Protein chains: 2
Amino acid sequence: MADGVVERSRPRDRILETAQDMFHKHGIKGVGVDAITEAAGTNKMTLYRHFESKDDLIIECLRATAAKAAAIWDAFEAEHPGDKLAQLHAWVRKVSEMLTADSRGCDMANAAVELSETDHPARRVIKELKEAQRERLVSLCRDAGVGQAELLADTLSLLLEGARVSMQSVGAEGPSAQFVRMAEGLIASFRAR
Amino acid sequence: MADGVVERSRPRDRILETAQDMFHKHGIKGVGVDAITEAAGTNKMTLYRHFESKDDLIIECLRATAAKAAAIWDAFEAEHPGDKLAQLHAWVRKVSEMLTADSRGCDMANAAVELSETDHPARRVIKELKEAQRERLVSLCRDAGVGQAELLADTLSLLLEGARVSMQSVGAEGPSAQFVRMAEGLIASFRAR
DNA sequence: TCTGGAAGTTACAGACCGGTAACACCCTAG
DNA sequence: CTAGGGTGTTACCGGTCTGTAACTTCCAGA
């Protein structure tokens, strides 16, 4: 993967892409800027010409990851135009596919765990992005004609968040193996009301 | 709190207690052994006389934390002897009380996020302890007379795990605010079947 | 009172961390 | 051809990290 990134693209893009990958795999505090620049086929000075600090790089990585997630959501709309319920089911399926055994979970949630300082600049960004995702899921539920859309969206959020973190503690055979069953059951029961 | 720990008890106990507290608050990679020993009112050499390494200390802390959690479970049995359903409700209440705004979530889950190396010695301990807790919740659900006890227990697990991590990303006003409502609703609906 | 082990103190090794300075290079736009 | 900006290279700073060595102090039990 690193090699793929190294092929000709701008150093800044390579750094951003490589950093996302390495932060995801090894954690934010588990990887240094030297390792990132080396894997990106560049050097530390170039990194610091494009990013103010490691914290700044972290924030840009989180924004980029969130943008990719938003693109996946857009794909649901493209695949099932107007059919919000189908989009909700597509979300469940897509999200469950990402619950693989070697999954490292949600980058934003992991970052919140690692960056325990309450005034860390990344924390407000994490909160913003997570709130935006929540809002999007709520309106998807609402537009799908579900009563108590907020409660369903929040329940699905917690289930997913829990599945992603449970995967990392006990693996894929743990409680997260039942995620699809739980989510589909919830949607059905909320629709039945 | 540190001062309370410093008062006369054995250095090993003070180190263990202080390390649990500091790992919980600042994360494992966010605190060094020097800081731990200083807060525990002792010194680094004494720490390394009682623990082989920082990794060893981490593992002992996780075991101690799990033992405290097990003691809380035992209290449910003492408060509602024989009444498993009451114990399940007590679990929901107790667990929700721990979802405070400044909560840092589950130490084991957080450790799994921080210690991304798949062969880290703490990972197998985390898996063991989490599986034991899962087993305990499953049998509580089963003995409470709930059909599909495994599914209910796993769903409650994921909800709780999700609530604890969501709290750290978006705070107490996020989806985790609805935890009790979700959990009680689930229990009721599983019992109704 | 003597003694042995636990605990404290100081200093250090070796590695890694984020971040910067100074300078050489290359490639493209004019 | 030339000028200049983006990039690469090397060396360095000060700090922090885990872990160890050598030595001193303290205290409880015989």
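From a predicted model like this one, the values you see are computed outputs, not experimental measurements. Numbered from 1 within each chain, the chains take letters A, B, ... in sequence-line order.
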Heavy-atom closest pair, residues B:Asn110 and B:Gln168: OD1-NE2, 3.6 Å

Any N/O donor-acceptor pair, A:Arg49 side-chain to D:dG8 base, under 3.5 Å: yes

Separation of C:dC16 P from A:Ile36 CD1 (nearest whole Å): 16 Å

Distance, rounded to the nearest Å, where A:Glu38 contributes CD and D:dG8 contributes P: 13 Å

Short side-chain to backbone donor-acceptor contact, B:Arg123 and B:Leu115, under 3.5 Å: yes

Taking every non-hydrogen atom, the tightest pair across A:Val146 and A:Phe190: CG1-CB, 3.6 Å

Any donor-acceptor N or O pair under 3.5 Å, side chains B:Arg136, B:Gln133: no

Integer-rounded Å distance: D:dC17 C1' and B:Phe23 CZ: 13 Å

Spacing of B:Lys29 atom NZ relative to D:dT16 atom C1', expressed in whole Å: 15 Å

Identify each atom pair where a protein N or O and an N or O of nucleotides 18-20 of chain C are less than 3.5 Å apart, giving names and distance.
| from | atom 1 | to | atom 2 | distance (Å) |
| --- | --- | --- | --- | --- |
| C:dG18 | OP1 | A:Lys54 | NZ | 2.7 |
| C:dG18 | OP2 | A:Val33 | N | 2.8 |
| C:dG19 | OP2 | A:Tyr48 | OH | 2.6 |
| C:dG19 | OP2 | A:Lys54 | N | 2.7 |
| C:dG19 | O5' | A:Tyr48 | OH | 3.4 |
| C:dG19 | N7 | A:Lys44 | NZ | 2.9 |
| C:dG19 | O6 | A:Lys44 | NZ | 2.4 |

Plane angle bin for A:Trp91 and A:Trp73 - parallel if under 30°, tilted between 30 and 60°, otherwise perpendicular: tilted

Mind listing the side-chain donor-acceptor pairs of residues 152-162 of chain B below 3.5 Å, one per line with the distance, residues two or more places apart or on another chain?
| from | atom 1 | to | atom 2 | distance (Å) |
| --- | --- | --- | --- | --- |
| B:Asp154 | OD1 | B:Arg134 | NE | 2.9 |
| B:Asp154 | OD1 | B:Arg134 | NH2 | 3.4 |
| B:Asp154 | OD2 | B:Arg134 | NH2 | 2.8 |
| B:Thr155 | OG1 | B:Leu151 | O | 2.6 |
| B:Ser157 | OG | B:Ala153 | O | 3.1 |
| B:Glu161 | OE1 | B:Lys130 | NZ | 3.0 |
| B:Glu161 | OE2 | B:Lys130 | NZ | 3.2 |

